[in-house]
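Take a look at the structure set out below.
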Amino acid sequence: MGAVGVAVVVLLCAMTAMSGADMELITVPSVVYGIKGESLSIPVETRFDVKAVKFQVFWYENRTGALLVGYENGRKAMTNLQLEDTFIFSPHNLSLTFNQLDLATEDNYRLEIIFSGKDKKPEKLTRTVRLIVNVRLSPPVLVKNWQGTLVEDQDNVTLTCVVEKGAKARFQWLKNNKPFELSKRHTFSQTNNSLLISPVRKEDIGMYSCVAENAISQKQSQAMELSVFYGPYNLKVNTDNGLRIGEVFTVDHAEVIYFDCLADSNPPNTCVWISRTGNNTEVLMTGPRFEVPSYTLGQPSKFLCRAFNNMTQKQDETHFTLVVANLGRGREKLQGASTVSPLTVITVLALIIIICMVFVFFKKTCHPKRVLMKIYSRPMPEQKGLHRSGHEDATEDFGIYEFVSLPGGKMESNHASCRSLARLDSAKDLHTTIYDVIRHVPETPTLSLLK
């Protein structure tokens, strides 16, 4: 190697020492991903002139420590004879290309570059890259470990997502095509490919599937239905005949009434109808529907429906009373009247109370005991220079007048309100009412009246 090459290597090494990774002589990715059956190249980026610098290159497989290839620039590369058909070395960029990947190819690979020069200690650079081989996944298959009947609160079940081909799969669980929600009864395996339900319950019923995916593929399994025997729940008795108030049914004496015993249960319940008289009971029939001819009942009768699930061994019962009455056309009226809502009744009562309160209020605040007669007053004719007394035309003043003496002074107005009259009536020191009749009218106004 000439002086120029040595100088280049020394300069690059010095720059690398001063500026760190930004001025590295070679760059190799830490991880590369490949697909089984396909080729893959591990790229090497060099920041020196491979033709002007003297160096040696070595590629090693870490697991076995085997040397894959050795190369010195300007000479022919030396490859491992046992493995030379599996890869290709490129001297111009120092990269290593695998012809066809398989799972055995996955490993850590080490690259070593030794720079050498005259009168200089060799410089060695080492880089390691991880090669990961992915395999395209086959569609997963959902497997259930329990092939029999699952009974609520008694049995457990494990669902497993099996992938025959592929590697590095990650699993996700779906229920009814929605992400599965965990509870205290659900447990996933460490790799998430198995789901344990312990114990099973009604809410676990549904369609289950799993999704398997890796870096290069994603597959979903066919849905599997999970069925569970449960119940009975929400037991009740219904009928289309008669009137119902709570647990009491009222029917017409001429009707034949049918009762249905309903419950949420899988499989359907076995129903038993029982009559109760005091402390005695009698089994009447078995089945979901109960027929009662009302004319056979002379008084209110008590019955019960008992539902039993043969699989879960659970049972429940509900009680009701049957009353026979001569409803006739009155039943329609009773049904119509029963449709009046309590809110309507409350509203009507509130309006009646408000009207009564308003009436009492006006009665207390405006209740005159006496009625004053209207006093007719006429307007004064305007005459300049004269002061009139108001009696110039006395023919209009004839009539009967009532004079009332009030305590505390004169009234400011000749009109009294209803409230004033109410106070007037209650005054204790009211003087006697004086009546006077104007009988004579002066023929002509006098001067004294004008002054």
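For the single chain, residues carry numbers from 1 onward in sequence order.
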List for me each residue that meets side chain to side chain donor-acceptor pair (under 3.5 Å) alongside Asn238, sequence neighbours excluded, and say none if there are none. Arg244
Please list all pairs passing the side-chain hydrogen bond (donor to acceptor under 3.5 Å, both in side chains) test where one or both residues lie in residues 131-151, with sequence neighbours left out. none
Could you walk me through whether Leu226 and Ile197 pass side chain to side chain contact (heavy atoms under 4.5 Å, CB included), step by step? CA-CA 11 Å; Leu226 188 66; Ile197 305 176; 4.0 Å; yes
Just jot down the ring-ring contact (aromatic ring centres under 6.0 Å, His included) partners of Tyr71, sequence neighbours excluded, or say none. Phe89
Taking the side chain as everything from C-beta on, heavy atoms only, tell me whether Lys124 gets closer than 4.5 Å to Gln56. no
To the nearest 0.5 Å, tell me how far Phe359 CZ sits from Met357 CE. 14.0 Å
What I'd like to find out is whether the side chain of Ser194 reaches to under 4.5 Å of the side chain of Leu159, using heavy atoms alone. no
Are more than 12 heavy atoms from other residues, nucleotides or ligands located less than 6.0 Å from atom CD of Gln82? no
Pairs flagged by side-chain hydrogen bond (donor to acceptor under 3.5 Å, both in side chains) wherever residues 30-43 is involved - sequence neighbours left out: Ser41-Thr97
Please check: side-chain N/O of Asn176 versus main-chain N/O of Gly206, any donor-acceptor pairing under 3.5 Å? no
Applying side chain to side chain contact (heavy atoms under 4.5 Å, CB included), run through Phe188 and Phe171 and close with a yes or a no. CA-CA 10 Å; Phe188 285 129; Phe171 297 93; over 6 Å; no
Scan side-chain atoms only and decide if Asn280 and Thr277 contain a donor-acceptor pair under the 3.5 Å cut-off. no
Could Asp153 and Lys314 be called an ion pair, given the rule that one side-chain N must be under 4.0 Å from one carboxylate O? yes
Restricting to pairs with a member in residues 58-70, which pass side-chain hydrogen bond (donor to acceptor under 3.5 Å, both in side chains), not counting sequence neighbours? Glu61-Arg63, Glu61-Thr64, Asn62-Arg110, Arg63-Asp107
Between Val323 and Val248, is there a side-chain heavy-atom distance shorter than 4.5 Å? yes
Step by step, would you call Phe290 with Trp273 a ring pair (Phe, Tyr, Trp, His ring centres under 6.0 Å)? CA-CA 7 Å; Phe290 176 44; Trp273 299 88; 5.0 Å; yes
Which pairs pass salt bridge (charged side-chain N to carboxylate O under 4.0 Å, His left out) with one or both residues in residues 272-293, sequence neighbours excluded? Asp260-Arg289
For the CG atom of Leu322 and the OG1 atom of Thr250, what is their distance to the nearest 0.5 Å? 8.0 Å
Quick check: closest heavy atoms across Val163 and Ala212, and the distance to 0.1 Å? CG2-CB, 3.7 Å
Taking everything shown except Gln222 itself, do over 12 heavy atoms lie less than 6.0 Å from its CD? no
So, using side chain to side chain donor-acceptor pair (under 3.5 Å) as the criterion, who are the partners of Arg306 when residues are at least two apart? Glu317
Ser189 versus Asn192, side-chain donor and acceptor atoms under 3.5 Å: no
In this structure, CG of Asp316 is separated from OG1 of Thr318 (nearest 0.5 Å) by 7.5 Å
Testing the basics here: between Gln154 and Pro199, what is the closest heavy-atom pair and its distance to 0.1 Å? N-CB, 4.4 Å
Could you go step by step and tell me if His186 and Leu196 meet the side chain to side chain contact (heavy atoms under 4.5 Å, CB included) rule? CA-CA 6 Å; His186 304 133; Leu196 170 64; over 6 Å; no
Contacts of type side chain to side chain donor-acceptor pair (under 3.5 Å), residue Asn99, not counting sequence neighbours: none
The single option from Val57, Thr126, Leu125 passing side-chain contact (heavy atoms from CB on, under 4.5 Å) against Ile26: Leu125
With a 6.0 Å cut-off (strictly less than), is the heavy-atom count around CG of Leu349, excluding the residue itself, greater than 12? yes
Please tell me if the side chains of Asn156 and Val200 come closer than 4.5 Å, counting only heavy atoms from C-beta onward. no
Gap between atom CG of Asn266 and atom CG of Leu150 - 0.5 Å precision: 11.0 Å
Does Lys175 NZ have over 12 foreign heavy atoms under 6.0 Å away? yes
Sub-6.0 Å ring centroid separation between Phe249 and Phe259: yes
Could you go through Val69 and Phe87, starting from their C-alpha distance and side-chain angles, then the distance that decides it, and tell me whether this counts as side chain to side chain contact (heavy atoms under 4.5 Å, CB included)? CA-CA 10 Å; Val69 62; Phe87 62 87; 4.2 Å; yes
Enter the distance from Leu304:CG to Glu247:CD here, rounded to the nearest 0.5 Å. 11.5 Å
Output, in order, the C-alpha distance, side-chain angles, deciding distance and verdict of ring pair (Phe, Tyr, Trp, His ring centres under 6.0 Å) for Phe48 and Phe115. CA-CA 11 Å; Phe48 61 91; Phe115 296 96; 5.0 Å; yes
Output all residues satisfying ring-ring contact (aromatic ring centres under 6.0 Å, His included) with Tyr109, sequence neighbours left out; order by chain, then residue number. Phe98
Do Asn214 and Leu137 come close enough that some side-chain heavy atom pair is under 4.5 Å? yes
Heavy-atom closest pair (Leu40 atom, Leu101 atom, distance to 0.1 Å) is CB-CD1, 3.6 Å
Rounded to the nearest 0.5 Å, what's the gap from CG on Asn193 to CD on Gln172? Could you check? 14.0 Å
Between Ser90 and Leu94, is there a donor-acceptor pair closer than 3.5 Å when you use the side chain of the first and the backbone of the second? no
With sequence neighbours excluded, residues passing disulfide (SG to SG under 2.5 Å) with Cys271: none
Can you find a side-chain donor-acceptor pair between Thr128 and Asn108 that sits under 3.5 Å? no
Short question: side chain of Thr239, backbone of Tyr258 - any donor-acceptor pair under 3.5 Å? yes
Within a strict 4.5 Å, meaning less than it, do heavy atoms of the Val129 and Val32 side chains meet? yes
Summary of salt bridge (charged side-chain N to carboxylate O under 4.0 Å, His left out) pairs that have at least one residue in residues 162-173, sequence neighbours excluded: Glu106-Lys168
Using a 4.5 Å cut-off on heavy atoms from C-beta on, say whether the side chain of Leu25 contacts that of Thr46. no
Identify every side-chain donor-acceptor pair in residues 230-237 under 3.5 Å, counting partners at least two apart or on other chains, and give the distances.
residue: Tyr230; atom: OH; partner: Asp264; partner atom: OD1; Å: 2.9
residue: Tyr233; atom: OH; partner: Glu152; partner atom: OE1; Å: 2.6
residue: Tyr233; atom: OH; partner: Glu152; partner atom: OE2; Å: 3.1

Met207 CE: over 12 foreign heavy atoms closer than 6.0 Å: yes
A side-chain contact here means heavy atoms from C-beta on lying under 4.5 Å apart; do Ile274 and Leu284 qualify? no
